[in-house]
Chemist: 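Could you have a look at this structure, given as structure tokens, before my questions?
Numbering of ligands and ligand atoms starts at 1, following listing order. Count residues from 1 along the sequence.
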Amino acid sequence: MKFDLHCHTNVSDGQLSPAQLLERAAAQGVTHLAITDHDTVNAYPDLDCPVGITLIPGIELSTQWRNRGVHIVGLNIDVDNPVLQTGILQQQAARAQRARKIAARLVKQGLPDVHDEALAAAGGSNVGRPHFAQALVAQALVPDISAAFKKYLGDGKVGDVRDVWPDHDVVIEWIRAAGGIAVLAHPEHYKFTRTKLCELLRDFVAAGGTGIEVISGKQEEKITRKLATLADDFGLLASVGSDFHRPGTSWSELGCCAPLPAQCQPVWSQW
Ligand code: MN
Ligand code: MN
Ligand code: MN
């Protein structure tokens with residue numbers, strides 16, 4: 001069995017369509033896949049799953065914790081649950097508001113207003129920072145996507161707008177209402193000190209969170225050991241995900257996740 005419980009399609013900021021993603025997952029030998037698009041489950045309706053792949057309904061929700069952006073993955077959710085659906089609508093409104101704020105902040109930096117170009121780049125899917133990056137590149141305001149993030153859009157930069165998102169405990173409630181498991185996504189990504197990560201985990205568990213990504217894409221062995229220990233300490237189930245967005249990024253290829261350390265209790269032991 002090969003699990004990949006975190007990846008994106010072009011329904012959010014990934015490149016492949018849901019059907020193309022499933023095809024690639026099958027080719028990569030993935031047996032259990034969760035598509036976890038940002039704040040949407042629109043990949044799921046009418047999805048024909050190739051033989052050999054078990055699809056676990058999922059989502060990645062943007063939240064804030066102490067004014068820091070934190071992502072929470074919901075796994076094994078009922079995508080039609082009304083509480084979750086209402087939450088998703090709220091996220092979409094927040095995302096639209098965030099796009100306006102990002103555009104306004106870039107204008108303040110002396111750039112032209114790229115709001116409409118970013119929305120056009122999203123092509124009707126959930127607009128996010130990568131679409132603003134595309135808009136900036138298209139207007140030759142930066143040489144490439146990575147420069148756009150480095151200068152304007154990356155974490156802590158002017159275009160990193162987080163205050164529109166609900167608190168982490170609110171989002172955990174939506175996931176639980178939909179019968180799912182709330183998993184803290186890519187814990188290393190936040191660059192918290194160990195103390196701060198422990199504080200987050202304490203709050204996360206108190207709010208009803210029950211899982212943590214012990215494996216997130218290709219990562220160093222020592223990170224895996226650290227996260228496995230934290231999972232143990234906080235009694236959390238361990239999840240595994242590539243956070244795949246597009247082909248050609250070897251650190252986050254679909255299905256390329258190291259196995260969980262033996263001490264971990266996998267999330268899938270719960271379903
Ligand atoms: Mn993304
Ligand atoms: Mn994320
Ligand atoms: Mn992700």
Chemist: What ring pair (Phe, Tyr, Trp, His ring centres under 6.0 Å) pairs are there with at least one residue in residues 250-271, not counting sequence neighbours?
Modeler: F3-W268

Chemist: Which residue pairs pass the side-chain hydrogen bond (donor to acceptor under 3.5 Å, both in side chains) test when at least one of the two sits in residues 98-108, sequence neighbours left out?
Modeler: K101-D163

Chemist: Listing by chain and number, what protein N/O/S atoms are under 2.8 Å from the Mn ion (ligand 3)?
Modeler: H6 NE2, H8 NE2, E60 OE1, D243 OD1

Chemist: Might you point out which heavy atoms bring S239 and L5 nearest each other, and give the distance in Å?
Modeler: OG-CD1, 3.6 Å

Chemist: Which is the closest N/O/S atom of D13 when seen from the Mn ion (ligand 1)?
Modeler: OD2

Chemist: Cut-off 3.5 Å, side chains only: do T40 and N126 have a donor facing an acceptor?
Modeler: no

Chemist: Applying side-chain hydrogen bond (donor to acceptor under 3.5 Å, both in side chains) as the test, list every pair that has at least one member in residues 205-216; sequence neighbours left out.
Modeler: H6-E213

Chemist: May I ask you to check whether over 12 heavy atoms, not counting those of D233, lie within 6.0 Å of atom CG?
Modeler: yes

